[in-house]
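Inspection log for the structure reproduced underneath, given as structure tokens.
Residue numbers count from 1 along this sequence.
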Amino acid sequence: LTVLRGPTLSAVGPSAVDVNSPVNITVAVAGGHPPYMVSVYLNGTQVAERTVKAPGVTTLSFTPTSPGHYVAEVVLRDAYNGTAYASIAITVNPGVSVSVVPIRVGNYLVLSRACYTLRADISGGTPPYSVTWYVDGTPQAYNTTVFRTCFFNTRVNLISVSVSDRYGRTSSAGLYVKASLNLADIIIAGVIIL
């Protein structure tokens with residue numbers, strides 16, 4: 001008669017992911033009597049299952065479709081119904097979004113320039129974020145949420161920002177700005193408009 005130790009299980013997974021992004025849980029199985037049935041339950045609902053033929057490491061995957069805080073329970077049963085458990089807390093973040101908020105706006109061309117300071121408000125997604133600012137489609141600044149730029153024209157200019165999160169999900173926002181001429185400033189500065 002051979003008496004085996006009961007099965008053991010360890011599981012590792014991400015603590016935070018984006019909604020609709022795959023979650024990969026790495027499971028290490030030992031002891032007990034193979035084959036093993038390994039299942040993952042997300043807040044009580046089964047989301048993944050795999051048969052493991054021998055002790056070792058395997059990966060189970062699932063894709064959460066709703067943001068929220070979850071507990072992923074990993075359950076192992078061996079051929080003689082020996083069981084082992086592990087749990088992982090996972091935060092599922094909503095999709096990343098960004099908006100542009102003007103902080104300081106220079107509406108007038110003073111001495112031939114108008115300056116704007118803008119902030120990117122980022123929500124959702126999973127940090128770290130990669131941020132790129134554009135003026136009329138040309139990249140101007142990277143990895144800063146506050147951006148300052150000046151214009152030397154009175155045409156409409158597009159200032160936009162693009163954000164991507166840890167999992168490559170992206171969001172963009174922008175606004176059109178147009179400086180107008182302030183006649184009083186032109187006279188004071190001694191600028192002659194032809």
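- Under a 3.5 Å cut-off, the side chain of Asp78 and the backbone N or O of Asn81 do form a donor-acceptor pair.
- Although no hydrogens or angles enter the test, the distance criterion places a donor-acceptor pair under 3.5 Å between the side chain of Asp165 and the main chain of Thr126.
- Cluster membership for Ile90 and Val75, using ILVMFWY side-chain heavy atoms within less than 4.5 angstrom, is not shared.
- In plain terms, the two heavy atoms of Gly125 and Pro127 that are nearest each other are O-CD, 4.0 Å.
- In terms of hydrophobic clustering, with Ile, Leu, Val, Met, Phe, Trp and Tyr side chains grouped at heavy-atom distances under 4.5 Å, Leu60 and Val92 are assigned to a common cluster.
- Side-chain atoms of Asp121 do not come within 3.5 Å of backbone N or O of Val100 as any donor-acceptor pair.
- Under 3.5 Å, the side chains of Ser97 and Ser123 contain a donor-acceptor pair of N or O atoms.
- Taken from CD1 in Ile103 to CZ in Arg148, the straight-line distance is 11.5 Å, to the nearest 0.5 Å.
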For this session: Go through the steps for Tyr41 and Val47 under the test side-chain contact (heavy atoms from CB on, under 4.5 Å), then give the verdict.
Result: CA-CA 6 Å; Tyr41 296 85; Val47 293; over 6 Å; no

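- With rounding to the nearest 0.5 angstrom, the CZ atom of Arg77 is 7.0 Å from the OG1 atom of Thr83.
- Atom CZ of residue Arg119 and atom OG of residue Ser99 lie 8.0 Å apart, to the nearest 0.5 angstrom.
- The main-chain N or O of Thr149 is never found under 3.5 Å from a side-chain atom of Trp133 such that the two would form a donor-acceptor pair.
- Nearest approach of Pro7 to Ala84, heavy atoms of both residues: O-CB, 3.6 Å.
- Taking all atoms of both residues into account, the shortest heavy-atom contact from Leu175 to Val177 is CD1-CG1, 3.0 Å.
- Within the 3.5 Å criterion, the main-chain N or O of Leu158 finds a donor-acceptor partner in the side chain of Asp136.
- Counting all heavy atoms, side chain and backbone alike, Val23 lies closest to Pro64 at CG2-CD, 3.6 Å.
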Problem set entry | Derivation and outcome, side-chain contact (heavy atoms from CB on, under 4.5 Å), residues Val74 and Val27 | CA-CA 8 Å; Val74 183; Val27 178; 4.1 Å; yes

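- Taking 4.5 Å as the limit, every side-chain heavy atom of Ser164 sits out of range of all side-chain heavy atoms of Arg169.
- Annotation: side chain of Pro14 is in contact with side chain of Tyr167 (closest heavy-atom distance under 4.5 Å).
- Using a 4.5 Å heavy-atom threshold, the side chains of Val29 and Thr8 count as separate.
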For this session: Apply the test side-chain contact (heavy atoms from CB on, under 4.5 Å) to residues Val17 and Asn93: give CA-CA distance (whole Å), side-chain angles for both, the deciding distance (0.1 Å), then the verdict.
Result: CA-CA 6 Å; Val17 296; Asn93 295 312; over 6 Å; no

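- Taking the side chain as every heavy atom from C-beta outward, Val52 and Pro34 never approach each other to under 4.5 Å.
- Side chain to side chain, Arg50 and Thr58 meet the donor-acceptor criterion of an N or O pair below 3.5 Å.
- If you look at Tyr116 and Phe147, their ring centroids are not closer than 6.0 Å.
- The backbone N or O of Val71 lies less than 3.5 Å from a partner atom in the side chain of Asn43, making a donor-acceptor pair.
- Counting heavy atoms from C-beta outward, Ile25 and Ile88 have side chains that approach closer than 4.5 Å.
- Rounded to the nearest 0.5 Å, atoms OG (Ser162) and OH (Tyr142) are 11.0 Å apart.
- In this structure, the side chains of Thr170 and Val96 stay at 4.5 Å or more apart for every pair of heavy atoms.
- The side-chain heavy atoms of Tyr36 and Pro55, taken from C-beta on, include a pair separated by under 4.5 Å.
- In this structure the side chain of Ile159 never reaches within 4.5 angstrom of the side chain of Tyr134, judged on heavy atoms.
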For this session: For Phe62 and Leu42, run side-chain contact (heavy atoms from CB on, under 4.5 Å): C-alpha distance rounded to whole Å, both residues' side-chain angles, the deciding distance at 0.1 Å, then the answer.
Result: CA-CA 9 Å; Phe62 61 94; Leu42 198 61; 3.8 Å; yes

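- Nearest heavy atom pair, residue Val19 against residue Gly95, reads CG1-N, 3.8 Å.
- Judged by distance alone, the side chains of Thr59 and Asn24 never bring a donor and an acceptor atom under 3.5 Å apart.
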